[in-house]
2 protein chains.
Amino acid sequence: MSTDLLIEGRHFRRDWSSGYDIGRKAAAQNLSDIVAMGADPTALVVGLGLPADVGADWVDALTDGFRDECDLVGATVAGGDIARSETVVLGVTALGDLGGRSPVTRSGARPGDVVAVAGRLGYAAAGLALLGAGVTGGSPDLVTLLEAHRRPRPPYPCGPRAALLGATAMLDVSDGLLQDLGHVADASGVAVELDAAALRVPQALSVAARDLGADPLEWVLTGGDDHALAATFPPEVGLPPEWTRIGVVAEGRGVRVDGQTWARGGWDHFRA
Amino acid sequence: MSTDLLIEGRHFRRDWSSGYDIGRKAAAQNLSDIVAMGADPTALVVGLGLPADVGADWVDALTDGFRDECDLVGATVAGGDIARSETVVLGVTALGDLGGRSPVTRSGARPGDVVAVAGRLGYAAAGLALLGAGVTGGSPDLVTLLEAHRRPRPPYPCGPRAALLGATAMLDVSDGLLQDLGHVADASGVAVELDAAALRVPQALSVAARDLGADPLEWVLTGGDDHALAATFPPEVGLPPEWTRIGVVAEGRGVRVDGQTWARGGWDHFRA
């Protein structure tokens, strides 16, 4: 079971995303929380706060977005509630079925485990940066990033499969890789040591970063909203191809990249 | 599973209710939806939207309210989400366990069934009317009504017990008795015939109605937010003492009281 509250102006903008895309994204965000526990999503309920200026077409599109995203994982929109509000508010709750397994939490990582990710990192953050700079189209690379902001593509099947493979900890990357792995490190009482060479910057991010004068690695390390999965596995587990090994779990605390602590804007040599 | 979205200014006011009472009421509203299906509530999750001016004390009190109301039914607050918002927003989702039974819905009422209610009717509406008139205290009767608005007392155990007794339809009275029984009549394709003599007006309501120049029967018939349970039972079922028989299910459609259709402000002789 997972719940999220999404507020217009903070989590989405109606001028940047269609009702359909907002529905897709709101559903994706909750469904990915469910698969990150190793469960198969089953149902979703939506509390919808609506200002008077929102028309039925927009609500229909939102509903279609919820339904289509749920269809990807075989879940259904089981019900909801509507209320009048000043801005659009979405209270989304998803349920999943663990099939009798225990949930994979953030607290099971052990020194010696492998750290791996499945799915995209930094795409949605780059898309948001493009929108913020007024870029609404362009090359296929830029369109991919804009679409990634509007409609994340979580690697749903990887979650339950990772659980079956013996993942010791898992979560979906919603706040940014470093911050979310920090949650795993804190909850498990371990350190996470990442390998910068394994954190490849995809071409689309390089292109957008050049256009905007930004650091693409910052998007990879700190960008949320792609809902990639990050997990730790015992070293003997053979990782399926969807997973990329990016580091190891060690004794200690905190998250480091090539032995250095990273802070927004660059490497924090004082904290390293 | 049941979900509700509560918005400050529409569903509650922070100057009329404490954080603790808002938590109690928000939990009660969802837990009563669960028992109205004949299930035992198990867990509740809360999405909380908070303006910057709300302090930690208020949030702690809200959380205590959620916990204490859940304790009444053996449920737990299983998690939540916090976001920044312009006004306080609560997205509450409750889960229940049917113990393998089918849920009691609104669509199973059959001609010949008995209509009955458990719990209070009109108290919260009278309390809201008192607050609206500036009454914040007074005689024990008035205090009871003010408290009923701030903190409903749904008859939780009556829901699962009614299911075991064979209730054919059930819901919690959140919009008002006539409107909610109208939902049962519509969903079941039947008429509901209520007996005015069975709809007793409690003394507290009479006192408040006299003070405010209001019609106490209007509160009983149309007041929501007490989260009484209304159900239909096969005629051979012996009703436990918590239930009051108020009418019967008949062929036809709509809800009538002593054969007349009721509209806000009085009896609607044109529609009768």
Side-chain angles (χ1 to χ4, degrees), chain A residues 1-12 26-27 29-30 32-34 36-37 39 41-52 59 62 66 75-97 103 105-106 171-172 174-175 187 224-225, chain B residues 1-12 26-27 29-30 32-34 36-37 39 41-52 54 59 62 66 75-97 103 105-106 171-172 174-175 224-225:
Chain A
M1 185 173 192
S2 170
T3 196
D4 274 312
L5 191 66
L6 293 91
I7 313 268
E8 179 177 9
R10 300 196 176 269
H11 300 98
F12 59 87
Q29 162 172 347
N30 273 267
S32 73
D33 277 332
I34 296 294
M37 290 185 265
T42 53
L44 192 139
V45 290
V46 183
L48 175 59
L50 283 179
V59 176
L62 180 85
F66 272 108
T76 55
V77 179
D81 183 38
I82 292 186
R84 184 64 72 204
S85 61
E86 299 300 311
T87 58
V88 176
V89 175
L90 297 168
V92 185
T93 304
L95 289 187
D97 182 357
T105 66
R106 303 171 174 197
L171 44 60
D172 78 314
S174 52
D175 294 330
D225 282 348
Chain B
M1 186 175 191
S2 171
T3 196
D4 274 312
L5 190 67
L6 293 93
I7 313 267
E8 179 177 7
R10 299 196 178 270
H11 300 98
F12 58 87
Q29 162 171 346
N30 273 268
S32 74
D33 277 333
I34 296 294
M37 291 185 264
T42 53
L44 192 138
V45 290
V46 184
L48 176 58
L50 283 179
V54 176
V59 176
L62 180 85
F66 272 107
T76 54
V77 179
D81 183 37
I82 293 186
R84 184 65 72 204
S85 62
E86 298 300 311
T87 57
V88 176
V89 175
L90 296 169
V92 185
T93 304
L95 290 187
D97 182 356
T105 67
R106 302 170 175 199
L171 44 58
D172 78 314
S174 52
D175 295 329
D225 281 349

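Here is the naming used below: chain letters follow the sequence lines, and residue numbers restart at 1 for every chain.
Test B/Leu50, B/Asp81, B/Leu90, B/Val46 against A/Leu5 for side-chain contact (heavy atoms from CB on, under 4.5 Å) and you get one pass: B/Asp81.
Between chain B and the options A/Leu95, A/Leu48, A/Ile82, the largest number of non-hydrogen pairs under 4.5 Å is found for A/Leu95. Contacts with chain A were tallied for B/Gly91, B/Gly47, B/Gly79, B/Ala43; B/Gly47 has the most, counting heavy-atom pairs under 4.5 Å.
In this structure, the salt bridge (Lys or Arg N to Asp or Glu O under 4.0 Å) partners of B/Arg10, at least two apart in sequence or on a different chain, are A/Glu86.
For a residue to count as touching a neighbouring chain, one of its non-hydrogen atoms must lie under 4.5 Å from one of that chain's; by this rule B/Val92 does not touch chain A. Of the two parts of B/Leu6, neither the backbone nor the side chain holds a non-hydrogen atom closer than 4.5 Å to a non-hydrogen atom of chain A.
Considering NE2 of B/His11 and OG of A/Ser85, their distance stands at 9.5 Å, rounded to 0.5 Å.
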Can A/Arg84 and B/Ile7 be said to form a side-chain contact (heavy atoms from CB on, under 4.5 Å), step by step?
CA-CA 8 Å; A/Arg84 184 64 72 204; B/Ile7 313 267; over 6 Å; no

